[in-house]
Amino acid sequence: MKGAAMATTAKAGKKAAGKKRSFHQELVLNRWVLGFFQGGTLAALKMRLGDDRFEGIDEDGQTKFFHELIRGLFDPNKVPEADLRRYDLNVVAHWQAITAQRNKLEGHELQMKYFQYLSLLFTELYLDWYFNHRQELLDGLNEEMTRYRAETGAEPFRDFEADDLNKIAFWNATGSGKTLLLHINIRQYLHYFQAGKSGQISDHFPDKIILLTPNEGLSRQHLEELHLSGFGFSQFFNKAQSPARGTIEIIDINKLGDEMGDKTVAVDAFEGNNLVLVDEGHRGTGTAAGAWMARRDALVRGGFAFEYSATFGQAVAKGMTVAAAEEDIQKKRAKMLFETTSLKKLDDEQLAQLALSNEDKRRARVTATREIYAKCILFDYSYKFFYEDGYGKESLILNMNGEAYEQADNARKYFTACLLAYYQQLWLWSTHRDILTDFNIEKPLWVFVGNTVSGEESDILEVVNFLADFLNSDTLIKTWLADLIADKAQILAAKGNNIFSGRFTPLMGFSSRVDELYADILLRVFNASAKQRLKLVNIKSSKGELALRVGDAEPFGLINIGDDAGFFGMAEDVEAFDSERDDFGGALFGTLNNKDSRLNVLIGSRKFT
């Protein structure tokens with residue numbers, strides 16, 4: 001028995017040693033800043049700060065979080081209480097400045113959640129050390145790096161260098177308040193940048209403040225949000241203008257290039273002491289990773305960068321360490337010179353020809369995304385933490401049997417069931433608003449993400465045809481609706497189970513009133529008081545947008561794709577719905593977040609993911 005126990009223990013130990021590490025464990029900068037606090041983990045801080053009673057400002061002007069922190073939650077040997085108090089007061093001032101206008105619009109005061117507060121507190125600490133104790137910062141990070149590399153399975157990251165310190169990143173889940181965080185980060189950086197400076201006002205600002213976004217739609221959204229936070233001096237980047245120092249210039253990341261062009265701007269135009277804010281910049285780490293990372297380096301060199309993403313983990317999954325990036329350069333050179341990528345097969349003379357130049361080493365350091373982000377992610381509130389706090393999505397996957405989907409009317413039935421499921425959400429949201437108010441649940445939105453926009457296999461066109469069919473085939477649709485709410489419909493998954501079984505219990509009151517149910521779907525989903533034909537509208541003044549409406553009713557749907565003109569041209573000949581051009585209508589995408597938005601359906605391509 002004793003021998004068996006020993007064997008089991010050894011086997012378990014071997015399994016533990018071989019367990020793959022998560023990227024969350026490699027975040028050296030995050031580990032360093034957490035080391036200032038007792039417990040050294042976000043979970044430990046949440047245990048003490050996560051309760052709602054710590055939200056808000058106390059009578060002395062400090063946050064209630066601060067008063068809990070000074071009750072043994074931080075290490076006074078690493079950060080004096082006076083510094084912590086100062087950081088806290090700075091956070092309060094910045095928060096109040098950017099929420100003043102929002103509070104008036106919302107009708108109540110916005111309060112920081114514990115994870116938002118900690119993001120900002122960590123930023124205060126880092127910026128103070130960066131501007132006022134830089135050598136201590138570098139030494140402290142390399143001490144943390146030494147501890148990290150001693151762990152089993154740790155990656156062979158190099159020591160921090162001074163050039164690594166001007167970049168910090170936030171791995172924060174979508175919906176956790178990245179926009180407000182970004183705005184306060186601007187104020188925090190300027191506070192430390194301007195400290196002790198006198199003379200001309202132009203000296204009080206970086207050469208440029210640049211906000212990089214993934215696309216034009218988010219650029220527009222950022223501009224609106226900046227104005228709402230009191231940043232009046234913010235605008236879209238314009239090559240023909242030289243705005244005043246301190247102006248925030250917003251540019252789509254896809255417009256950055258190595259040379260000036262009609263639709264691109266050379267990175268050289270931005271070189272200097274810049275403050276750069278990158279929203280979802282990791283999207284440049286795909287097939288064009290090297291080019292993007294080199295441009296990022298040029299933008300930030302001599303200045304400072306903040307980056308924000310919800311998905312750094314996925315972005316760096318195939319990223320390299322600096323050592324691996326250097327080896328990759330050598331292997332590519334070996335392939336060219338000696339027709340092999342195996343460095344072990346080369347002799348000393350051949351290896352000498354692969355010696356890396358300073359430029360090679362710099363390129364490796366710039367493109368080694370895994371090591372770069374491990375060294376610059378200051379705060380990790382990624383989705384797993386967000387979900388544990390009760391936010392995020394509860395996913396439900398209702399996939400139909402693939403073969404069955406292709407048979408008879410099954411695809412139409414499946415779409416009808418999905419539409420009914422969305423209607424049920426709308427109906428519940430509308431009829432139980434008083435109960436849902438406390439949960440801040442917004443009006444449901446039905447989103448389709450297509451893989452193919454044009455051609456015979458167009459997913460986008462298939463969805464539009466389904467919507468048209470719901471309007472055109474009302475007699476048949478009502479039969480299917482009756483079966484669905486009576487739990488008689490047979491829409492089967494791969495294992496043979498009825499995937500919509502018991503899904504429509506709240507709507508059973510419509511069992512004998514299917515005409516009334518269909519009419520209410522028209523009203524709530526399609527914004528239509530009566531059945532008419534579907535109309536696809538090309539909004540000429542807004543690139544990439546097409547509207548969907550029933551007759552002349554208000555649009556209920558929006559298609560947002562790159563090639564709107566090509567899709568419209570293809571769809572014009574479809575008999576199931578009508579098409580028209582609108583030369584005067586305004587953009588719709590920016591209205592989706594409006595409280596009074598009537599848009600219920602959003603259809604797009606993979607750029608939404």
Side-chain angles (χ1 to χ4, degrees), residues 393-436 439 441-448 459 462-534 548 550-551 553 556-557 576-577 598 600-603:
K393 306 175 184 70
E394 287 288 349
S395 60
L396 176 65
I397 300 173
L398 301 175
N399 284 338
M400 189 177 178
N401 180 297
E403 292 181 6
Y405 185 83
E406 303 294 336
Q407 297 170 7
D409 290 326
N410 284 345
R412 295 167 68 198
K413 289 179 182 177
Y414 179 76
F415 181 84
T416 302
C418 292
L419 192 151
L420 185 63
Y422 171 66
Y423 163 79
Q424 181 172 258
Q425 289 185 18
L426 268 184
W427 184 81
L428 289 168
W429 181 80
S430 300
T431 55
H432 296 79
R433 293 284 291 276
D434 53 335
I435 300 172
L436 297 173
F439 297 94
I441 294 176
E442 296 288 343
K443 177 185 167 189
L445 179 68
W446 196 11
V447 180
F448 291 89
D459 301 321
E462 185 176 10
V463 172
V464 177
N465 274 321
F466 274 132
L467 290 167
D469 184 56
F470 188 87
L471 297 166
N472 298 339
S473 308
D474 54 315
T475 302
L476 183 59
I477 295 293
K478 288 175 185 177
T479 303
W480 293 341
L481 290 174
D483 286 346
L484 285 164
I485 57 177
D487 222 5
K488 296 178 182 177
Q490 290 297 306
I491 302 175
L492 306 179
K495 293 183 178 180
N497 55 303
N498 186 358
I499 58 179
F500 289 99
S501 176
R503 299 266 172 220
F504 302 112
T505 304
L507 300 179
M508 290 185 73
F510 285 106
S511 295
S512 59
R513 299 180 291 134
V514 177
D515 287 343
E516 189 178 328
L517 172 63
Y518 184 83
D520 201 47
I521 292 173
L522 292 182
L523 192 63
R524 293 186 193 273
V525 177
F526 293 89
N527 296 331
S529 56
K531 183 180 82 73
Q532 295 184 60
R533 280 174 64 82
L534 180 69
L548 292 169
V550 176
F556 70 90
F577 53 85
R598 301 289 303 281
N600 298 318
V601 179
L602 176 62
I603 305 169

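These figures come from a predicted structure and were not determined experimentally.
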Atom pair CG (L517) and OG (S512), whose distance is rounded to the nearest 0.5 Å:
11.0 Å
Which heavy-atom pair separates V514 from A482 by the least distance, and what is that distance?
CG2-CB, 3.7 Å
Side chains of L428 and L436: closer than 4.5 Å at any heavy-atom pair?
no
Per the side-chain hydrogen bond (donor to acceptor under 3.5 Å, both in side chains) rule, what does the pair list look like for residues 496-509, sequence neighbours excluded?
none
Taken to the nearest 0.5 Å, the spacing of I603 CD1 from L467 CG works out to 5.5 Å
Has Y422 got a side-chain atom pairing as donor or acceptor with P444's backbone, closer than 3.5 angstrom?
yes
Minimum-distance pair of heavy atoms, taken over all atoms of A528 and A553
CA-CB, 4.4 Å
Which atoms form the tightest heavy-atom contact between P506 and Q424, and what is the distance?
CD-OE1, 3.2 Å
For residues 413-420, please give each side-chain donor-acceptor pair under 3.5 Å, one per line with the distance, not counting sequence neighbours.
unit_1	atom_1	unit_2	atom_2	d
Y414	OH	L398	O	2.6
T416	OG1	R412	O	2.8

side-chain contact (heavy atoms from CB on, under 4.5 Å), that's the test. Do D469 and L476 meet it? Break it down for me.
CA-CA 10 Å; D469 184 56; L476 183 59; over 6 Å; no
Between A576 and A468, which heavy-atom pair has the shortest distance, and what is it?
O-CB, 3.6 Å
D474 side-chain N/O to K531 backbone N/O, donor-acceptor pair under 3.5 Å:
no
I499 side, atom CD1; I397 side, atom CD1 - distance, nearest 0.5 Å:
11.5 Å
Side-chain donor/acceptor of W429 to backbone N/O of I441, under 3.5 Å:
yes
Residues two or more places apart in sequence or in another chain: which of them pass salt bridge (charged side-chain N to carboxylate O under 4.0 Å, His left out) with R513?
E516
If we only count heavy atoms from C-beta on, is the D520 to Y423 side-chain gap below 4.5 Å?
yes
Partner set under salt bridge (charged side-chain N to carboxylate O under 4.0 Å, His left out) for E462, not counting sequence neighbours
none
Give the intermediate values and the outcome of side-chain contact (heavy atoms from CB on, under 4.5 Å) for residues V601 and V463.
CA-CA 11 Å; V601 179; V463 172; 5.7 Å; no
Is there side-chain contact between F448 and F466, with at least one heavy-atom pair below 4.5 Å?
no
Might you point out which heavy atoms bring L426 and R524 nearest each other, and give the distance in Å?
CD1-O, 3.5 Å
List the residues meeting salt bridge (charged side-chain N to carboxylate O under 4.0 Å, His left out) with D487, not counting sequence neighbours, and say none if there are none.
none
If I take atom CG from residue L548 and atom CZ from residue F556, how far apart are they, to the nearest 0.5 angstrom?
5.0 Å
How many angstroms lie between CD1 in I491 and CG in L484, if you round to the nearest 0.5 Å?
5.5 Å
Below 6.0 angstrom between ring centroids: does that apply to F470 and Y518?
yes
Pairwise distance CZ(R533) to CG(N472) - rounded to 0.5 angstrom:
5.5 Å
D483 meets the salt bridge (charged side-chain N to carboxylate O under 4.0 Å, His left out) criterion, sequence neighbours left out, with none
Within the structure provided, determine whether L471 and V550 are in side-chain contact (heavy-atom separation under 4.5 Å).
yes
